Amino acid sequence: MAALDIMSILSEGEENAVKLCQLSKILNMNGRDITICINALRRNGEVICISHQGYFSPSTVDDVKRFYRQMTS
């Protein structure tokens, strides 16, 4: 359930990024559990980007490329 909630909260584009502390408050979950859910979503093929601004869904091909570089480095 939390995984679906995370996906419904995240918006496209880095300008709409949501910080982990915000997700924690919205979902009433601790940051560690949210990180575990995000990693599980990624293993299942979801592209969830992260930057200094927070988590977001990609809005451009460059976002996807940056995500790929982050995941493979």
Side-chain angles (χ1 to χ4, degrees):
M1 182 68 168
L4 294 175
D5 294 336
I6 290 169
M7 292 308 298
S8 68
I9 293 168
L10 298 181
S11 297
E12 286 187 3
E14 186 173 2
E15 65 277 4
N16 298 311
V18 181
K19 292 193 178 289
L20 183 59
C21 62
Q22 293 171 308
L23 284 172
S24 182
K25 287 179 185 176
I26 292 167
L27 297 171
N28 195 29
M29 293 174 62
N30 66 51
R32 183 173 185 273
D33 289 339
I34 292 170
T35 302
I36 290 168
C37 285
I38 288 172
N39 288 333
L41 286 164
R42 287 174 169 165
R43 281 192 304 276
N44 287 326
E46 294 291 342
V47 178
I48 301 172
C49 299
I50 188 170
S51 72
H52 65 280
Q53 294 179 350
Y55 292 98
F56 61 98
S57 294
S59 62
T60 66
V61 172
D62 286 338
D63 288 342
V64 175
K65 288 178 181 177
R66 184 170 33 154
F67 168 80
Y68 178 77
R69 282 192 306 272
Q70 288 174 337
M71 294 298 108
T72 58
S73 65

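Keep in mind the model is a prediction, meaning the values are calculated, not measured.
Using a 4.5 Å cut-off on side-chain heavy atoms (C-beta onward), Tyr55 and Lys19 make no contact. Using a 4.5 Å cut-off on side-chain heavy atoms (C-beta onward), Arg66 and Pro58 make no contact. Contact of the Ile26 side chain with the Asp5 side chain is not registered, since no non-hydrogen atoms from C-beta on lie closer than 4.5 Å. Residues Phe56 and Asn16 fail the side-chain proximity criterion, which asks for heavy atoms closer than 4.5 Å.
Between the side chain of Ser73 and the backbone N or O of Arg69 there is at least one donor-acceptor pair closer than 3.5 Å. Put simply, the side chain of Asp63 gets close to the backbone of Ser59: a donor and an acceptor are under 3.5 Å apart. Distance alone, capped at 3.5 Å, places no donor-acceptor pair between the Arg42 side chain and the Val47 backbone.
Taking OG1 of Thr72 as the reference point, atom CD of Gln70 lies at 9.5 Å (rounded to 0.5 Å). Rounded to the nearest 0.5 Å, atoms CG (Leu27) and CD1 (Ile6) are 6.0 Å apart. Rounding to the nearest 0.5 angstrom, the gap separating the CG atom in Asn39 from the CE atom in Met71 is 7.5 Å.
Side-chain atoms of Ser51 and Glu14 form a donor-acceptor pair, as typed in the model, at a separation below 3.5 Å.
Annotation for Leu23 and Ile34: closest pair C-CD1, 3.6 Å, computed over non-hydrogen atoms. What you find for Ser24 and Asn30 is that their closest heavy atoms are OG-CA, 4.0 Å.
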With side-chain contact (heavy atoms from CB on, under 4.5 Å) as the criterion, how do Met29 and Cys37 come out once you've worked through the C-alpha distance, each side chain's angles and the decisive distance to 0.1 Å? CA-CA 11 Å; Met29 293 174 62; Cys37 285; 4.1 Å; yes
Could you go through Met7 and Ile48, starting from their C-alpha distance and side-chain angles, then the distance that decides it, and tell me whether this counts as side-chain contact (heavy atoms from CB on, under 4.5 Å)? CA-CA 9 Å; Met7 292 308 298; Ile48 301 172; 3.7 Å; yes
